[in-house]
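Data first, discussion second: the structure below is written as structure tokens.
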Amino acid sequence: MIPAQFDYVAPVTLDEALSLLAEHQDEAKILAGGHSLIPAMKLRFAQPALLVDIGRLKDLAYIREEGGQVRVGAMTTHYQLESSARLREICPLLPECAAAIGDVQVRNKGTIGGSLAHSDPAADWPAAILALDAEMIVVSAVGERAIPASDFFVDMLTTALAPNEILREIRVPLPPPRTGHAYAKLPHPASGFAVVGVAASVTRGADGTCESASVGVTGVSVKAYRARGVELALKGGALGQQEIAGAATHAADGVDLNEDLAASADYRRHLAEVYARRAIERAASRVS
Amino acid sequence: MKIEGTHELRAARERVWQSLVDPSVLQRCIPGCERLEQTGENSYSTILRAGVGSIKGVFQGNVRLEDLRPPAHYRLVVDGKGQPGFLKGAGELELEEMGEGLTVIKYAGDVQVGGTIASVGQRMIQGAAKMMASQFFTALEAEAQTQAGEPPPQHGFFRTALRWLSGLLRRIMRGSK
Amino acid sequence: MAQKYVGQRVKRTEDPRLIKGLGHYVDDIRLPDTLHVSFLRSMYAHARISGVDVSEALKAPGVVAVYTGRDAAEKIGPVPCAAALPDLKVPDHRVLATDRVYFVGHPIAAVVATDRYAARDAVDLITVDYEELPVVVDAEAAALEGSPVIHEHFGDNIAYRLTAGEGDIEAALASADRRLKQRIINQRLAPVAMEPRGVLARYLPGEEELTVWSSTQIPHLLRTQLALMIGMPENKLRVITPEVGGGFGSKLNVYAEEALLGWIAMQLGRPVKWIETRRENMQATIHGRGQVGEIKIGCREDGTLTGLRYNVVADLGAYHQLLTPAIPTLTGLMLSGCYKIPAIQINVTGVFTNKVATDAYRGAGRPEATYVVERALDLVAAELGLDVVEVRRRNFPKPDEFPFKTATGLFYDTGDYEAALDKALANSDYTKLREEQKRAREEGRLVGIGVSTYVEICALGPSQAMPAGGWESATVRIEPTGKVTILTGASPHGQGQETSFAQIAADELGVRIGDVTVIHGDTAIVQYGIGTFGSRATAVGGTAVYIAIERLKEKAHKIAAHILGADASSLAFSEGRYSLTGAQVAAGAEVPEPVVPVAQAPAAALPEPQTEGKRSLTLQDIALAAHLAKELPPDMEPGLSATYFFEPKNFTFPFGTHIAVVEIERDTGEIKFQRYVAVDDCGRVINPMLVDGQIHGGIVQALGQALYEEVVYDEQGQLVTGTLMDYAVPRAKMIPWLELDRTETPTPVNPLGVKGVGEAGTIGATPAIVAAVVDALAPFGVRHLDMPIKPETVWRIVSQQTSGGGR
Ligand SMILES: Cc1cc2nc3c(=O)[nH]c(=O)nc-3n(C[C@H](O)[C@H](O)[C@H](O)COP(=O)(O)OP(=O)(O)OC[C@H]3O[C@@H](n4cnc5c(N)ncnc54)[C@H](O)[C@@H]3O)c2cc1C
């Protein structure tokens, strides 16, 4: 449990960090909260030659409202998101999801940017970020680009980030009126990661029916995904128990299911359905 | 651990087969394959930099093709050993012609891992194996589609995939602004 | 004697230093010039090693030496096994693998370097040529003919077979009204002490002295064994056990690394240190449990048992560690539970498998037995449609039947099983719980109530029954300045005996608790002792302290009489002072200050004792007089100290009742606790807070076994649950509120009346929790479930039987 040798730099500006990445490409790794990277390094699964610690880039930790969006700096910790009173009012899915992550120590160190960039198949954030239709702002020495959440998660532990890029900001559109959120998770008994995690955002029309719904699912497959089948089934319909239960049956449609000691593929499929139902019911009940 | 799957390749079976037995093609297609040297008939020694995302390990090992029945079937036997542990696998590949220029490859095999990867990667191994299989077949398809004489496609795996993706995204982004 | 401290919730005196991070664990001990060791361990479960090439590692920066099996194995004796069983096959267990590896984690080479990092880096530079061999993972299959054989020269994998028990089991089963059988599994568990193992060894060539700091539960036994292994005079070897962050039996052992580090320190003449990583801890520190068996039960229509047979295969692992083969024999001893069972038989087949050894883990054989017996009682209740409580009552021996002889050959000291049961029933309001359960079931809710009434064997134990002595030692000294020093041979590592022994001493000597210091875990300071395991430290070690104090007081009494010029019989001891009877000591007088307040003590000389014209003397006065030795009775030894080695005449048998109430989520099979009620009887209680702490921890580990924990090896012998991300140790939020209570039935086995409580929680709770889940699923015809009971298992039962499949 001792990492291989590496060099360490702690730049004080983003540009400095980016030029280091440009120079070293995939020999270098960004270090954020270190709560995914360091464990991997201690097992020698990850052996970066250079660690670029962005912990000193304090201006990457913020929660702002701007341009009809909530903008969250990549270095914002899970705890900062969990404890933001303002977020609880305007985008409650973020604090609810943050609160479901690991334990206090993990939430105090781990960052939303690190979690998204690492893209663990059972991480919590990807489900919420997908359900919120967020946008990732990533920068490199040559410029900046925006990646929609639905394109960001490419495969297991693999995102659309290039080795020379840093995830700078997550932009979440402010939820429209009459929108309810919920995150429902069954934690793995050992790791605390999601055996199944479902984030739901439900918007009711004036008549109380479902105007739109978006549902992000994590833990179930090699990467988090939008449960389009569920969303489609909900759209335009009533949000009664039966309708929701019916829609939730599509929670694991068309995905390759993970299997481990905590849950077989069958059971995971079933849990995805149950937790989707729970998340959607709760989200719907939060809209008057 | 069993892995199995099916891949559809838009290429003729003959060409797919040719690619599948050509060591230089194999080297380009096997994810993270840094070296593939012939050590005998249908057997090779290899250095693999295998893994997913930031999690990687270097394995030294052997690749063997057995029970060749052109152009429909062979058995692939791989073993590798490295710092993170070892991996061993054997699998049957079946190639089926599904009409004009379409080949379906069915694979079914057994992968065994040992050492650190076995004791900590439990929840990820299956997914990682599937991911690497799909990378392999995607690259193979590209190989089989290139006409004889054309320069081989560049894979250099993650990098090419990511470059391609980021290029694509940049294009999309520009288009949307 | 006034009980000012004993029986009180005295806060642990150990805690302030631990909470402030000021304690010293092995890794906190830093010696100049220390080298660090990192191990190369096998990644195969079974392989022949045809070569180990260390040349690259030797060239790596910082590397001082690399040792392989060939270098060390010949020089260091085998890792010992203390269990003596007839015809036991004992494989030659060398400190490093020589030509074969037998389990994942088997050490092959040790790299010694100037820091841990260099050592670890160099491990990656060693190449090993492995030739894989067939792997034996499943314990039952290992026993079958045709299985690959691990230690070839033995011819098979059966380390031993053992049959024990009394009564005619065949007749008992044959004549029973009903016969039941059930497959029973106690899965392998990892002890997961918070602090992993660690060793620091230093050799002083001038003094020819080897000091080994080790995170162990048995410093003296370790010293003896290391002396034998390394071939060094025991009186030149010193084992120091600094702060130990938990053991749970996993450090009741003698490990290869401990001997190897000592030997390396001697080779290199520099201190060497090794701190186990968590992954090594999961792979190479002993596991617990690992029993697969079948029970046969005979009972009458009224629910009383006629006989119990347990055929069990014990998964021993590849080698014997210190007590490996003995653990299942403890299971055999406790198979009567707290019931009258006329005929009992256990048939153990101990088998080798390609895994790390099993050995003592909290409860060590008794949780397995209790689980077997409690499951048996529940099966009988289910079979006969009786309440689980009623079945238990009908099988209890009555209080006047004690000492009670079991068909396993034990004499239970004292017990009042109904009293503990009744208290637990009252505390949980059992009748109401059952009514609520009935209503819940009508509403379609799955609520279950599990009851376990257990008895366990503690205070290990009479030396006749122990492999290496079952006594414990204590020295109690009153220093010239009046401070009290206790040297105990027990080796507390979280149990809090620095506090509880000080409580005993403070009361018996009438001093302040702060004036008592308890020293343990240094073989150069403390007289030989046995150590801490088997819930023995207070019952055996505490008794040694108590009796040493009585001896010391006898001497003090004589000195007091001599100085006061009175007849001993006219002196009485009270509140720390010997007074002439009739002399008035102000009622409630404060405990006297030590005679020499340190701040005012003259630098060079001690003051003369103030004895002139006194009618009473404090112990401090007497201590000083005893050291100055000017006023002692003729022929009396100077000094005020006593040492006692206490040999118990029997084990003790604590007992109790645990009641768990759970509700199952139909949707997902998740198990939620509603209540947890326990009434434990561990005899007299020295410190209720310490007892509660032990029960809490024990229940948590039991809950781990019942619902979460399982060491899993795949069919290739790869350890799949190799980190705490995969191996599920219960977290605080998984623990229900624990409603604890007690009955107190003192034991006559020791003068303190204490029985022991270190393992009770682990023993009593597992069956209660399993029973609760089984009871919740009783409407589905479920009578038994294997541990750990995972939500998926529960969900399959509920969903298949409600709708013929998932929803
Ligand atoms: C005991 C434990 C329990 C946990 N439980 C949970 C849980 O229940 N749910 C859950 O979701 N997670 C859990 N985690 C993971 C935790 O949330 C991590 O903090 C998170 O996944 C990674 O964030 P980090 O800031 O620590 O990133 P790091 O570990 O520093 O980095 C992770 C990866 O992302 C890259 N990276 C980091 N920041 C950036 C950036 N801005 N731009 C580009 N690349 C970047 C790094 O190079 C690295 O490859 C747990 C972790 C631990 C140790």
Side-chain angles (χ1 to χ4, degrees), chain B residues 1-4 32 34-35 37 39 43 45-64 66 77-91 108-130 132, chain C residues 38-47 49 51 53 56-57 101 103-106 108 120-135 137 190 277-284 287 354-356 710-728:
Chain B
M1 184 187 52
K2 304 258 178 265
I3 61 162
E4 54 182 16
E34 298 199 334
R35 207 183 68 195
E37 277 170 16
T39 52
S43 61
S45 74
T46 178
I47 295 182
L48 284 180
R49 184 175 291 273
V52 288
S54 53
I55 300 208
K56 281 197 197 83
V58 181
F59 298 87
Q60 290 193 20
N62 304 291
V63 177
R64 224 166 49 241
E66 294 176 352
V77 183
V78 185
D79 71 80
K81 216 161 64 179
Q83 188 274 323
F86 65 84
L87 50 90
K88 283 189 295 191
D110 215 337
V111 181
Q112 258 177 41
V113 293
T116 313
I117 7 175
S119 64
V120 303
Q122 210 251 344
R123 67 198 175 98
M124 304 234 195
I125 293 163
Q126 192 131 19
K130 279 188 189 155
M132 284 161 64
Chain C
S38 186
F39 287 95
L40 170 72
R41 295 179 183 275
S42 174
M43 58 178 165
Y44 293 95
H46 195 191
I49 303 179
D53 181 357
E56 287 303 311
V101 284
F103 62 95
V104 167
H106 195 165
I108 296 170
R120 174 61 187 83
D121 284 349
V123 165
D124 284 352
L125 301 176
I126 301 174
T127 46
V128 181
D129 292 324
Y130 296 98
E131 255 173 72
E132 283 181 75
L133 295 168
V135 176
V137 178
T277 66
R278 181 60 67 193
R279 282 198 8 87
E280 287 180 296
N281 181 255
M282 300 301 283
Q283 291 181 345
H287 293 158
N354 288 117
K355 305 176 198 169
V356 75
E710 180 174 28
V711 172
V712 180
Y713 285 90
D714 71 10
E715 61 288 0
Q716 290 307 308
Q718 291 295 328
L719 177 61
V720 176
T721 48
T723 73
L724 295 179
M725 295 287 273
D726 307 280
Y727 185 86

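Residue numbers begin at 1 in each chain, while the letters A, B, ... track the order of the sequences.
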Counting only heavy atoms closer than 4.5 Å, note whether Arg279(C) contacts chain B via side chain, backbone, both or neither.
-> side chain

Step through the shown structure and confirm whether more than 12 heavy atoms of other residues, nucleotides or ligands are within 6.0 Å of CD on Glu34(B).
-> yes

Go through the steps to decide whether Asp714(C) and Gln112(B) satisfy the test side chain to side chain contact (heavy atoms under 4.5 Å, CB included), and finish with yes or no.
-> CA-CA 10 Å; Asp714(C) 71 10; Gln112(B) 258 177 41; over 6 Å; no

Please look at Thr723(C) and chain B and tell me whether the side chain, the backbone, both or neither of the residue comes under 4.5 angstrom of a heavy atom of that chain.
-> both

Least distance between heavy atoms, Glu715(C) atom then Met1(B) atom | OE2-N, 4.4 Å

Gap between atom OG1 of Thr116(B) and atom CD of Gln283(C) - 0.5 Å precision | 7.5 Å

Which heavy atom of Tyr44(C) sits nearest a heavy atom of Lys81(B), and at what distance?
-> OH-CD, 3.4 Å

